[in-house]
Amino acid sequence: MNLYAQMTSVAEDDAPNRLLRGVAKDHYAANQRDLIRRWLPVAKWFDDRCESELDPYQKASLGPILPTVVGSFRNGRAFTGVNFASQDYLSLASHERLISASAAAAEEFGVHSAGSAALMGGCTMSQRLETALERFLGYREVTLFPTGWTAGYGIVKMLAQPGDHIVIDVLAHACLQEGANGSGARVHRFPHLSNSAIQKRLSRIRSAQPETGILVVTETLFSMDSDSPRIADLQALCTQYGATLLVDCAHDLGCMGDTGRGVLEMQGMVGKVDVLMGSFSKTFASIGGFVATQHSGMRTTMRACCGPQTFTNAVTPIQAAVVLEALNIVTGPEGTVRRRRLAENISYLRTRFLEHGFVTPGEPSAIVPVIVGDSATARLMTRHMIRGGAIVNLVEYPAVARGKSFWRVQVMADHERQHIDALTTCALEAREHWEDKSVANDGVTS
Ligand SMILES: Cc1ncc(COP(=O)(O)O)c(C=O)c1O
């Protein structure tokens, strides 16, 4: 039987072809005049996938975030299992010290900051957190943002103005890309991690425009591919060409490096990059983000002139208190122990997947990409996983290249070997059951 026939038989037995293949935009009704109705077929397609258990997105947890989780899909269908789908790298989300810190802050300061930081939204806890982060990160000034997304979007858009240039890694996070698109500056996307491609662009821009502003944007650890640029070389290039370097350390700060200062620490670059931004949503058990620079006055300017800082509500006392206590853990002996446990789990998990013949690209980090192939195979394998109690997130085209769907396996310090064994055993079963029973046809409308 050829592959297409196999696929059809899988589809007939199990799920319609249109649910196994294609992407949301195939269902967007662009010819509709009504701007809302254009999207309703997309919703229907996602809901049909959900009913067939082929849509692993928009899940909710029904209890605390722990190495095992009880959750539900958006249609109410429940699941439970080992949890590799949460971003809580040091397992702080249910840590009793953070819960106490949050309760104490609520008791002392109430639950709301009640305004933009540009007006009177700053509070005792947010001021303390900014000061503590300055010390930890080795920067003169840290400015809090309500989320990492607003920090990335806001700082890129604020720094680069129309007439300037932004040189950005093609795989940089959406907040950075959208900030670049929204800035009005000319955007140059360079191949992932290529310092030589950056040099070529910097040299070309500088010889044509000696006085223009240039912002170079990358990440310390790319969460999709789990890899890092050579940051010292990059900063040296930027200095040489009079460009400003901005790096996003969302996924490594707190959970990597001997003292938790992330990839910058591992590369000897703490406090040495022009602009650092980050997020609290991966390791620090809260939402929120920050921008750090070595220049006094940038915080005052950002508060007044950066849209996603000025025109939005400031972090709450509870958010700030939780991150502050998380930072106390990260910088204390418990942080060292948790980082070591996380590193051991990452190494064990990668080894187990490798033994089973899975491809897990990138460097060891809390995110382990596990390649599962084309959309149909990936959706069927993911259904098998969640039914079998191994909860993972699936990343598909267009977030990744066609035919290269992967599970974004997120490791925590509190995972134990039994959780990792349950995950890898289920993955093996899923592959044995579904591999080669579908056909690579991502993005093709059936
Ligand atoms: C690299 C990177 N930057 C920024 C963000 C946004 O962070 P937050 O979740 O705090 O909005 C994310 C989150 O997905 C991210 O992966």
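When a ligand or atom number is given, it counts from 1 through the structure's own listing order. Values below: all heavy atoms of this structure, side chains included; hydrogens, waters and symmetry mates excluded.
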*Hey, could you give me each pair passing side chain to side chain donor-acceptor pair (under 3.5 Å) that has a residue in residues 260-277? Not counting sequence neighbours.*
Gln235-Asp274, Thr259-Arg261, Thr259-Glu265
*Report yes if some heavy atom in the side chain of His188 is under 4.5 Å from a heavy atom in the side chain of Ile205; otherwise report no.*
yes
_Partners passing salt bridge (Lys or Arg N to Asp or Glu O under 4.0 Å) against Arg140 (at least two apart in sequence or in another chain)_ = none
*Select all protein residues for which some heavy-atom-to-ligand 1 distance is less than 4.0 Å, and list them by chain and number.*
Thr147, Gly148, Trp149, His173, Cys175, Glu219, Asp248, Ala250, His251, Ser279, Ser281, Lys282, Gly288
*asked:* Taking the ring of His27 and the ring of Phe46, is the distance between their centroids below 6.0 Å?
replied: no
*asked:* Testing Arg74, Arg49, Arg379, Arg383 one by one against Asp55 for a side chain to side chain donor-acceptor pair (under 3.5 Å), which residue passes?
replied: Arg74
*Partner set under ring pair (Phe, Tyr, Trp, His ring centres under 6.0 Å) for Phe406, not counting sequence neighbours*: none
